Amino acid sequence: MGLSRDIRTARRVLRKLMRSRSARSELARRAPELPRPARGSIQIAVYFADSTVNMYQIRQWYAPLAELAREHPVAIISRSPTAALTLLEESPVPVVYRRSIADLEGFIAEQDLKIVFYVNQNTKNFQMMRYGRIWHVFINHGESDKMYMTTNQFKAYDYSLIAGEAARDRLSRKLWDFDVDRRTIMIGRPQADHFAGALPYTPDARTVVLYAPTWEGDRDAAAYGSVVSHGEALAAAVLASPDHRLIYRPHPRTGVLDPEFKRANEAIVSAIAAANSKDSSAQHVFDDGPTLGWQLAAADVAITDVSAMVYDRLAVGKPLLITRPVSPSADVDENGYLGAAEWLRSEEAPDVLARIDSVQHDEEARKNLEFWVERHFGDTTPGVTTQRFHAAVESLIAEWEKHALIHANDHESRESDPFDDDEDD
């Protein structure tokens, strides 16, 4: 068993290495024709050190970054060749690939960086965070009550942009000696101002149900995924109903670690295809596209796991059910919204249509939802959260300029690490 696992691991590493080398070759071939930001033109960068497997974390910021770039030049720094190729095709703002620390230092030296945003906690973030004359700002890739949202790594950043009062309370409760008032700025959910897109189906009288589960997780405390425990049963119930349409959007990492999750995911995808083949008017959707937004806005009811998807949906202000993790080790923080949420237990999955009807039409459930929308995101009037995001950026730039003036005569020593020659994979 151990040898077989080692062989699979070796093959996976080899495939990753080959993809990386191929991507580096392609980037080198295209380098002469790729546009380069003019020297001194970039004030704000988004540092993304991950590979394509976590592209969803940066993709959700595309639209807000494009909007911000109208006021302040923005670029995305990629450290992974495979991610860089994808970003070059997709990103609405300039992308720069910096393989080595020396390459990264060169970009920093030639630009006028005031703010660097981080969307995740990749360990390579620390290679960027050594620079002390830049604000390092954690913007995250979602809002949720997962354990990830209160990691002590928040303390590493100068500031964090958070959604609302619920996030402030969560951080105050979990992190010792963390100055929430000074080091966090509430902005709501800027992505919600861009939740749009062409629908892959023709709207009709069917109730549209979004099922967007998370992956299996890499530790017991994060075992929130429901594809195995709930997914097949609830999908079968929705697909069998002539009055409902299913949009299935699994997490991109589903089945990466657990073969049973991979099997269940594939079974749901096959069931969707079979249902559409039987009744073409059903127009059920398997969605693995790069764009997130239209799914949340279009669905009449959403079913999610304990994940950032709960709060992306909450920002829309429409009914949702949350799957109750079956693992007793899963860390579920019920001090906030999860303590008042509409839960869907695994044994209820076959009868999910009754629960869907309940959250749609129950007045108490509607009032509860409105309370928690305000608690997590504040004013969700279209455009307001984008204004708050931009105002936060302006305040950070003003603060940067104040400190730049204070330290104008300081001797600027080299901030790089001469012993660090780390490169991408």
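Note that the numbering runs from 1 along the sequence shown for the chain. Quick caveat, the model's predicted, so the values are computed rather than measured.
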Task: Any donor-acceptor pair under 3.5 Å from His136 side chain to Tyr131 backbone - done: yes
Open item on the list: Testing the basics here: between Ala84 and Leu27, what is the closest heavy-atom pair and its distance to 0.1 Å?
Closed with: CB-CD1, 4.0 Å
Task: SB check Lys367 Glu370 (cutoff 4.0 Å) - done: no
Task: Sidechain N-carboxylate O distance under 4.0 Å for Glu232, Arg263 - done: yes
Open item on the list: If we ignore hydrogens and angles and just use 3.5 Å, is the side chain of Ser91 paired with the main-chain N or O of Leu88 as donor and acceptor?
Closed with: no
Task: Student check: side-chain heavy atoms of Leu292 and Met309 closer than 4.5 Å - done: yes
- [ ] Report yes if the side chains of Ile115 and Ile134 come closer than 4.5 Å at any heavy-atom pair, otherwise no.
- [x] no
Task: Nearest-0.5 Å distance, CD1 of residue Ile162 to OG1 of residue Thr184 - done: 4.0 Å
Task: Pair Asp169-Ser172, side-chain donor/acceptor within less than 3.5 Å - done: no
Task: Ser307 and Asp305: side chain donor to acceptor below 3.5 Å - done: no
Open item on the list: I want to check something: taking the side chain as every heavy atom from C-beta on, are Leu338 and Val306 in contact at a cut-off of under 4.5 Å?
Closed with: yes
Task: Centroid-centroid under 6.0 Å between Phe389 and Trp61 rings - done: yes
TODO: Step through the shown structure and confirm whether more than 12 heavy atoms of other residues, nucleotides or ligands are within 6.0 Å of CD on Glu364.
DONE: no
- [ ] Specify whether Tyr311 and His376 have parallel, tilted or perpendicular ring planes, treating 30° as the upper limit for parallel and 60° as the lower limit for perpendicular.
- [x] tilted
Open item on the list: So Glu260 and Glu216, do their side chains get closer than 4.5 Å, heavy atoms only?
Closed with: no
Task: Residue pairs passing the side-chain hydrogen bond (donor to acceptor under 3.5 Å, both in side chains) test where at least one lies in residues 34-46, sequence neighbours excluded - done: Gln43-His72
Task: side chain to side chain donor-acceptor pair (under 3.5 Å) involving Asp204 - partner list, sequence neighbours excluded - done: Arg245
TODO: Among Leu405, Asp410, Asn409, find the one that has a side-chain contact (heavy atoms from CB on, under 4.5 Å) with His407.
DONE: Asp410
Open item on the list: For Glu399, is there an ion pair with Lys402 - N to carboxylate O distance below 4.0 angstrom?
Closed with: yes
Open item on the list: Let me confirm one number: the CZ-CG distance from Arg313 to Leu369, rounded to the nearest 0.5 Å.
Closed with: 8.5 Å
Task: Asn120 and Asp50: side chain donor to acceptor below 3.5 Å - done: yes
TODO: Taking His141 for its side chain and Val119 for its backbone only, find out whether a donor-acceptor pair lies under 3.5 Å.
DONE: yes
Task: Expected output: side-chain Arg183 to main-chain Tyr157 donor-acceptor under 3.5 Å - done: yes
- [ ] Answer yes when Arg173 and Asp333 have at least one side-chain N-carboxylate O distance shorter than 4.0 Å, and no when they do not.
- [x] yes
Task: Within the 6.0 Å centroid threshold, strictly below: Tyr248 and Tyr211 - done: yes
Task: Flag, side chain of His230 to backbone of Ser346, donor-acceptor distance under 3.5 Å - done: yes
Task: Residues Arg206 and Gln283: side-chain donor-acceptor under 3.5 angstrom - done: no
Open item on the list: When you compare the side chain of Ile187 with that of Ile139, does any pair of heavy atoms fall below 4.5 Å?
Closed with: no
Task: Interatomic spacing from NZ in Lys155 to CZ in Phe178 - rounded to 0.5 Å - done: 8.0 Å
Open item on the list: For the aromatic rings, using the six-membered ring if either is Trp, is the centroid distance between Tyr47 and Phe117 under 6.0 Å?
Closed with: no
- [ ] Answer yes or no: is there a donor N or O on one side and an acceptor on the other, between the side chain of His284 and the main chain of Leu246, under 3.5 Å?
- [x] yes
Open item on the list: Distance check, rounded to the nearest 0.5 Å: Arg249 atom CZ versus Phe286 atom CZ?
Closed with: 9.5 Å
TODO: Decide, yes or no, whether a salt bridge links Asp103 with Arg98 under the criterion of side-chain N to carboxylate O below 4.0 Å.
DONE: no
Task: Residues Gln60 and Arg189: side-chain donor-acceptor under 3.5 angstrom - done: yes
Open item on the list: Using the rule side-chain contact (heavy atoms from CB on, under 4.5 Å), only one of Ile44, Leu68, Ile76, Ile42 pairs with Val93; which is it?
Closed with: Ile76
Open item on the list: Looking at Ala83, is its backbone amide N or carbonyl O close enough to the side chain of Ser78 to form a donor-acceptor pair, meaning the two atoms are under 3.5 Å apart?
Closed with: no
Task: Pair His403 + Trp135: ring centers closer than 6.0 Å - done: yes
Task: Sidechain N-carboxylate O distance under 4.0 Å for Arg168, Glu165 - done: yes
- [ ] Examine the side chains of Thr386 and Asp193 and answer whether a donor and an acceptor come within less than 3.5 Å of each other.
- [x] yes
Open item on the list: If the threshold is 4.0 Å, N to carboxylate O, is there a salt bridge linking Lys114 and Glu401?
Closed with: no
Open item on the list: For Gly293, is there any backbone N or O sitting under 3.5 Å from a side-chain donor or acceptor partner on Gln295?
Closed with: yes
Task: Nearest-0.5 Å distance that lies between atom CZ in Arg345 and atom CG in Leu321 - done: 12.5 Å
- [ ] Measure from the side-chain N and O atoms of Asn265 to the backbone N and O of Thr254, and report whether any donor-acceptor pair falls under 3.5 Å.
- [x] no
TODO: State plainly whether the residues Glu394 and Arg388 are in salt-bridge range, i.e. N to O under 4.0 Å.
DONE: no
Open item on the list: Between Ser80 and Thr82, is there a side-chain donor-acceptor contact under 3.5 Å, judged purely by atom types and distance?
Closed with: yes
Open item on the list: Do Gln111 and Phe107 make a side-chain contact, defined as non-hydrogen atoms from C-beta onward lying under 4.5 Å apart?
Closed with: yes
Task: Distance in Å, Met128 CE paired with Asn122 CG, rounded so as to fall on 0.5 Å steps - done: 13.5 Å
